[in-house]
2 protein chains.
Amino acid sequence: MNLNDYGYFQKLSEMKSFSETAHHFNVSQPTITYALKRLETEYDTKLVERKSYANSLSLTYAGEQLLKHVNKILHEDSLVKADLNRIKKKKIKMGLPPIITNYLVPKVFDNLKKFDYLNRIVPVVDGSKELLTKLKNGDIDLSLLGSTSLPEDPELEYKVLDIHQFKIIASSNRKFKNNLKLSDLIDEDFIILDEKSVHQQVFNDFIDKYNVSPNIIFQTSDYKLLLKLVQENKGISFITETAIRDTSGIQELKFDNLDLPPFYIMMIYRKNTVKSSIFQKLISIFENV
Amino acid sequence: MNLNDYGYFQKLSEMKSFSETAHHFNVSQPTITYALKRLETEYDTKLVERKSYANSLSLTYAGEQLLKHVNKILHEDSLVKADLNRIKKKKIKMGLPPIITNYLVPKVFDNLKKFDYLNRIVPVVDGSKELLTKLKNGDIDLSLLGSTSLPEDPELEYKVLDIHQFKIIASSNRKFKNNLKLSDLIDEDFIILDEKSVHQQVFNDFIDKYNVSPNIIFQTSDYKLLLKLVQENKGISFITETAIRDTSGIQELKFDNLDLPPFYIMMIYRKNTVKSSIFQKLISIFENV
DNA sequence: TATAATTGATAAAAAATATTTATAGGTGAG
DNA sequence: CTCACCTATAAATATTTTTTATCAATTATA
């Protein structure tokens with residue numbers, strides 16, 4: 001059994017057209033016909049229902065079942081090349097979400113340098129959500145990650161490096177009374193991180209939970225810009241403390257009984273990954289922050 | 001890329017010998033050599049370390065990594081045939097652990113008959129542990145299952161049909177005082193189910209927890225035999241209430257504060273399974289007990 | 001309604017890939 | 001040193017996949 005046949009079948013079930021599928025793979029149309037025929041012979045079952053004519057063929061029940069397995073098989077197979085390529089290059093492709101990276105990397109920099117890992121790491125800077133997808137696709141080997149919940153994906157494994165809190169912050173120039181309540185912020189302008197970050201979702205949940213409707217005047221994916229705007233008192237914000245450690249010109253607003261989810265700072269990787277000594281050492285360097 | 005090459009590679013890494021692997025697949029020895037060569041060329045990496053001589057070749061780091069993926073791929077592929085075969089036959093292979101089956105099937109029998117499902121079900125009678133393995137291997141489509149914990153396997157899905165308790169039971173002929181304590185049973189002979197059932201593990205945990213060492217005189221995998229022996233006062237036992245519903249000649253011993261795990265009675269199947277209408281109906285019949 | 005255009009199936013030929021046969025070379029045990 | 005055993009390689013063969021060429025069926029459209 002050839003994996004190509006699975007690939008043809010997968011695409012065929014998506015495109016619902018033999019000739020288009022053939023075109024997609026740059027092969028002739030009978031190639032697809034014969035590939036399907038091979039599968040149907042191999043399993044001795046009809047897999048696709050050739051409809052009267054229109055460009056709408058459909059999978060049989062057995063075809064649907066096969067497709068599920070094929071998806072898994074081809075996905076796994078696509079991970080192989082990505083994995084082996086990086087092993088060959090002795091490089092580790094590492095996902096780096098900006099906020100966490102700025103907080104953590106200075107702490108481990110000397111160690112990374114000492115063990116000559118700085119040039120072993122191929123950095124991939126992106127938001128936590130995108131990095132998670134890339135990790136699962138095998139585009140990166142491991143990633144730093146910030147999240148309000150611990151990943152439950154059975155393919156992934158992680159180490160929690162730190163647990164931070166979300167904070168409401170404002171310019172140090174502002175004065176706020178003690179025992180602040182959320183309702184005191186009703187006239188404030190909010191500047192928050194946009195949908196690339198987990199912050200937006202947390203903020204929305206927060207809004208729902210406390211039934212408030214803050215005035216969001218600007219969203220950005222650049223947290224440095226956000227902090228600068230807050231420093232200059234263009235608005236107040238909602239962000240993990242990770243981002244404001246060692247940042248001057250910013251104060252944290254204290255509330256009683258504010259219930260916010262924790263912000264887990266993790267190192268995450270696929271369970272499947274064979275842990276080379278480099279890989280393990282790298283993780284341990286980050287663990288021992 | 002041919003799946004055969006993956007199969008050869010998998011076996012080679014297990015057998016650590018080219019010629020034995022060839023023999024295992026009934027092909028000539030160069031077939032294996034060339035298969036490996038194809039893989040090494042495809043991925044442009046050395047995959048196995050040909051040792052000086054002895055029957056001990058070893059995988060390189062890249063080879064180990066490949067093997068992990070290959071295992072997954074071949075396992076998934078082996079599920080395909082099993083799945084499609086049963087679909088073809090329009091039969092549903094169902095795992096039936098005896099205790100649960102005897103309890104449940106009488107309750108659904110008329111319904112199964114009414115919808116003509118009795119001859120659609122291919123019964124596979126075995127212990128819960130074995131059935132779980134068979135389910136994962138695709139040997140059966142779904143299974144009744146008794147367990148003290150809910151399965152966390154990401155490939156499996158289940159519906160809890162009932163939650164029962166474990167009981168300590170004795171012949172009705174016996175008289176026990178009220179407010180029994182475990183220490184009162186110190187001179188009793190125990191007859192319990194053997195390692196094929198979850199009972200043994202639960203019983204061991206129980207022993208550890210309460211730091212008692214009961215006198216086990218006989219173990220069996222046949223719960224009907226066990227019940228008979230208890231009825232005839234050959235010993236007392238430890239078993240889920242599922243087994244003793246509607247059984248005469250047996251009493252349940254009551255203890256204060258005995259903390260035992262629940263016994264979940266479930267219907268379990270692979271997430272991957274495409275749920276045919278027969279499949280769904282079957283589940284719903286059992287769900288509506 | 002006739003005609004053109006598009007789609008999938010099939011047969012036969014060609015191309016690509018996998019396997020075998022035959023053999024060579026290396027290694028360790030005795 | 002020789003034998004037994006293992007893996008690698010070349011060349012021949014077998015098998016599998018793909019292409020080319022063509023047909024029949026169906027839809028769009030003139």
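Numbered from 1 within each chain, the chains take letters A, B, ... in sequence-line order. Bear in mind the structure is a predicted one, so any value in this text is a computation, not a measurement.
Mapped onto DNA chain C by nearest heavy atom, A:L12 and A:N2 fall at different nucleotides, with A:L12 at the one closer to the 5' end. Both A:N4 and B:P30 sit near DNA chain D, but only B:P30 has its closest nucleotide nearer the 5' end.
Considering only side-chain N and O atoms, B:Y8 lies under 4.0 angstrom from the phosphate OP1 or OP2 of C:dT19. Dashed line: the shortest gap from a side-chain N or O of A:K37 to OP1 or OP2 of C:dG8 is not under 4.0 Å. Taking 4.0 angstrom as the limit, A:R50 places none of its side-chain polar atoms (N or O) nearer than this to OP1 or OP2 of C:dT7. Within the structure, a side-chain polar atom (N or O) of A:T33 is placed less than 4.0 Å from OP1 or OP2 of C:dA9.
Base contact: B:T31 has a heavy atom under 4.0 Å from a base atom. Within the 4.0 angstrom heavy-atom criterion, only backbone atoms of the sugar-phosphate kind lie near A:S19; the bases stay farther away. Contact annotation for B:F25: no contact, since no heavy-atom pair falls under 4.0 Å across all strands.
With hydrogens and angles disregarded, a donor-acceptor distance shorter than 3.5 Å links the side chain of A:T45 to the backbone of A:Y43.
Here the P atom of nucleotide D:dT16 and the CG atom of B:L3 are 15 Å apart, to the nearest Å. For the pair A:M15 CE and C:dT7 P, the interatomic distance rounds to 12 Å; values are reported in whole Å. Residue B:K46 contributes atom NZ, which lies 11 Å from atom P of D:dA8 at whole-angstrom precision. Computed from coordinates, the B:H23 NE2 to C:dT20 P distance equals 13 Å when rounded to whole Å. Distance A:F18 CZ to D:dT26 C1': 15 Å, rounded to the nearest Å. For the pair A:I32 CD1 and D:dT18 P, the interatomic distance rounds to 8 Å; values are reported in whole Å. If you measure from atom OH of B:Y34 to atom P of D:dA14, you get 17 Å, rounded to the nearest angstrom. In this structure, A:D5 places its CG atom 14 Å from C1' of C:dT17, rounding to the nearest Å.
Closest to the side chain of A:S17, out of C:dG8, D:dT20, C:dA22, is C:dG8. Considering only side-chain atoms of B:Q29, the nucleotide from D:dA8, C:dT10, D:dT18 that sits closest is D:dA8. Among the nucleotides D:dT18, C:dT21, D:dA8, the one closest to the side chain of A:R38 is D:dT18. Ranking D:dT9, D:dT7, C:dA9 by closeness to the B:L57 side chain, first place goes to D:dT7.
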- Query: So B:Y158 and B:Y264, ring-ring contact (aromatic ring centres under 6.0 Å, His included) or not? Walk me through it.
  - Reply: CA-CA 11 Å; B:Y158 57 85; B:Y264 296 104; 8.3 Å; no
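Taking 4.5 Å as the limit, every side-chain heavy atom of A:D139 sits out of range of all side-chain heavy atoms of A:V124.
With respect to B:D141, the side chain to side chain donor-acceptor pair (under 3.5 Å) criterion is satisfied by exactly one of B:R86, B:K91, B:K93: B:R86.
In the displayed structure, A:E152 atom CD is contacted under 6.0 Å by at most 12 heavy atoms of other residues, nucleotides or ligands.
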